[in-house]
Amino acid sequence: MFKKTSAVADAVVRGLQDIVGPDKVLYQSADLLAYECDAYTLHKGMPRAVVFPGSTEDVAAIVKFLNRNRVPFIARGAGTGLSGGAIPLGGEVIISLVQMKKLLHLDLTNRYAVVQPGYINLQLTNAIADRGYYYAPDPSSQGNCTIGGNVAENAGGAHCLKYGVTTNHVLGLEVVLPNGEIVEIGGAGMPDAPGYDLIGLLTGSEGTLAIVTKIVVRILKVPQDKRTALAYFDSIEDASRAVSAIISCGIVPAALEMMDRIAIEGVEKAAFPVGHPKGIAALLLIEVDGIAEGIEDQIRDIAEVCRKCNVREVKIAQTEAERALWWANRKTGFAAMGTISPDYLVQDDVIPRSRLPEVLARIQQISEASGLRIANIFHAGDGNLHPLVLFDSRKPGESERAVQASMACLKACADAGGSITGEHGVGLEKKEAMRLIFTDEEIEAQMAVRRVFNPNDLLNPGKLFPTPGRCAETKQAEPEAVTGH
Ligand SMILES: Cc1cc2nc3c(=O)[nH]c(=O)nc-3n(C[C@H](O)[C@H](O)[C@H](O)COP(=O)(O)OP(=O)(O)OC[C@H]3O[C@@H](n4cnc5c(N)ncnc54)[C@H](O)[C@@H]3O)c2cc1C
């Protein structure tokens, strides 16, 4: 499968090759380069090797072997993570789940599917759409990211406002613990299994407690009807007020997304231009869905709320093609920043929805102080902001200023009573920022949970929690001479 290499494999690589076969282990530095980082590209580290298991048993054997030899390891899906969760700190073995990519079982009567962790999110909806079903969590990266990675990050998406994030759709998990033990938790017949909510604990644990090898997910019936609207505003404040006003009038839209002027400039230059009016300060992309009866009333009520908030224009999609274009324009928004800036840094933070106007004003001040443009494309209904700091890494000092500006946005959200991540996770990027919202004692309590699952700190070390110092140290076990599996 992979190109043969001539360099001598070390004992760890040979041990891995014994488990999965020589063609499923990468260890040449040229091959490893692609695994230096995920979609958070400001930090890079070289893994020791990358191994591609084909089954849960392979994963268990690999983990037992690495555990016995005290070699740290990281699970990896598609590498679209935006907080550096899959980035090696140096010397870890990456366990790539991309070859475990099957839809194992589909039960439309009981509305669940069983998938391997490398199965791509959007493939599930594509596989069942013609029968009138879909998988609800829809990160903008859904065409590339894996459901295993979604579970690890508790991924969200535009329609999570009404339908909930990944954790609300996971019914069961099979995982390999950091000692190599295979464990099954929950399942299709156990929507509320007795005892501790281990699915809840593992979902969003960012690959630090276990490696997910099988997922039972809930699937939903496609709503009978939907309406999609674009509302254009001349001021960010009016658009922000409209977000709170829509929710407080009792309607929960399926999606309520916002883009500001800079973001609109980018998406209109990219692959899916919509022809948004010139000069607007912000737009809202709003979708309502459900039973056909009443749907027109809902979208009419929303348009009325927008009018009370000084909207310039409200447009309703007239065809499915038009609606799809609007969504493509929104969902490719991050990548579209490449049309107006050589580099961008995505932040992900949450605030109480009612504080949108003041926090967006604070982000504007941060932009002016840093001399860098900041675009905003985000899940406004959830108060889940994504300030995108635009910069040019070729200019001396700009990368550092971008990181500072991005962190200042994060702090502004924490100060407004929010959180440091809504859906992208903490990973490597924001582990020190955990101190903005947790006390040392709260962090230590979470690290104690991690030690129960991951006592040797071999699974994804150095992620999620601040570097020990002010907190109790997580000791990593000493390596021993390599022994076989
Ligand atoms: C353009 C773009 C748009 C995005 N939009 C969204 C969005 O709307 N919503 C959202 O939530 N996210 C979004 N993301 C972030 C990202 O796509 C998600 O976090 C996704 O869940 C990561 O999946 P992955 O397969 O790429 O995981 P990876 O990046 O490979 O890994 C992410 C983390 O999960 C761990 N992991 C991966 N697989 C497993 C496994 N099987 N078992 C245990 N741990 C595992 C890794 O160790 C790492 O810590 C976006 C990213 C990009 C690049």
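Both counts, for ligands and for their atoms, begin at 1 and track the order of listing.
No hydrogens or angles considered: a donor-acceptor pair under 3.5 Å links the side chains of His379 and Glu423. With hydrogens and angles left out, the side-chain atoms of Asn154 and Glu206 include no donor and acceptor closer than 3.5 Å.
Relative to atom 29 (O) of ligand 1, the option among Ala78, Ala336, Gly81 with the closest non-hydrogen atom is Gly81. Between the choices Cys160, Ala155, Ser141, the shortest heavy-atom distance to atom 4 (C) of ligand 1 belongs to Ser141. Nearest to atom 5 (N) of ligand 1 by heavy atom, out of Ser140, Gly149, Pro117, is Ser140. Proximity annotation for atom 36 (N) of ligand 1: of Ala152, Ser205, Gly156, Ala152 comes nearest, heavy atoms only. Looking at Phe73, Phe378, Phe334, it is Phe334 that brings a heavy atom closest to atom 3 (C) of ligand 1.
Ring-plane geometry between His276 and Tyr232 is classed as perpendicular, the angle between the planes exceeding 60 degrees on a 0 to 90 degree scale with a lower cut at 30.
To the nearest 0.5 angstrom, Ser370 atom OG is 11.5 Å from Phe391 atom CZ. Residue Leu388 holds its CG atom at 12.5 Å from CG of Asp343, rounded to the nearest 0.5 Å.
Remark: ligand 1 atoms within the under-4.0 Å shell around heavy atoms of Leu82 are 14 (N), 15 (C), 50 (C), 51 (C), 52 (C). Ligand-side atoms of ligand 1 in range of Leu97: 41 (N), range being under 4.0 angstrom from any heavy atom. Residue contact check: Glu206 has heavy atoms under 4.0 Å from atoms 49 (O) of ligand 1. Near Ala86, with a cut-off below 4.0 Å to any heavy atom, the atoms of ligand 1 are 48 (C), 49 (O). The ligand atoms of ligand 1 that sit less than 4.0 angstrom from a heavy atom of Asn460 are 47 (O), 49 (O).
A salt bridge is defined here as a Lys NZ or Arg NE, NH1 or NH2 lying under 4.0 Å from an Asp or Glu carboxylate O, and Glu320 with Lys226 fails to meet this definition. Between Asp58 and Lys24 there is no salt bridge, since no side-chain nitrogen of the basic residue lies less than 4.0 Å from a carboxylate oxygen of the acidic one. Between Asp138 and Lys331 there is a salt bridge, since a side-chain N of the basic residue sits under 4.0 Å from a carboxylate O of the acidic one. With respect to the salt-bridge test (charged N to carboxylate O, under 4.0 angstrom), the residues Glu36 and Lys44 do not qualify. A salt bridge links Arg323 and Glu287; the closest N-O separation between the charged side-chain nitrogens and carboxylate oxygens is under 4.0 Å.
Side-chain contact between Ile147 and Asn150 is present, with heavy atoms from C-beta onward closer than 4.5 Å.
Closest protein heavy atom to atom 43 (C) of ligand 1: Ala210 O, 3.5 Å. At the top of the distance list for atom 40 (C) of ligand 1, counting protein heavy atoms only, stands Val212 N, 3.8 Å. Among protein heavy atoms, the minimum distance from atom 48 (C) of ligand 1 is reached at Gly85 C, 3.6 Å. Closest to atom 22 (C) of ligand 1 among all protein heavy atoms lies Thr80 OG1, 3.4 Å. Atom 20 (C) of ligand 1 has its closest protein heavy atom at Asn150 ND2, 3.6 Å. Atom 47 (O) of ligand 1 has its closest protein heavy atom at Ala75 O, 2.6 Å. Counting only heavy atoms of the protein, atom 33 (C) of ligand 1 lies nearest to Glu153 OE2, 3.2 Å. Looking only at protein heavy atoms, the nearest one to atom 28 (P) of ligand 1 is Gly79 N, 3.6 Å.
The environment of Lys411 atom NZ is sparse: at most 12 non-hydrogen atoms of other residues, nucleotides or ligands sit within 6.0 angstrom.
Contact annotation: for Ala335 versus ligand 1, there are no heavy atoms closer than 4.0 Å. Here Pro139 has heavy atoms under 4.0 Å from ligand 1 in both its backbone and its side chain. Contacts between Thr146 and ligand 1 below 4.0 angstrom, taking non-hydrogen atoms only, involve backbone and side chain alike. When heavy-atom distances to ligand 1 are checked against a 4.0 Å cut-off, Lys463 has no atom that comes that close, whether in backbone or side chain. For Ile74, every heavy-atom contact with ligand 1 shorter than 4.0 Å involves the side chain, none the backbone.
Under the 6.0 Å cut-off for aromatic ring centres, His386 and Phe334 qualify, their centroids lying closer than that.
Of the possible polar contacts, none joining the Asn144 side chain to the Ala78 backbone as a donor-acceptor pair under 3.5 Å is found.
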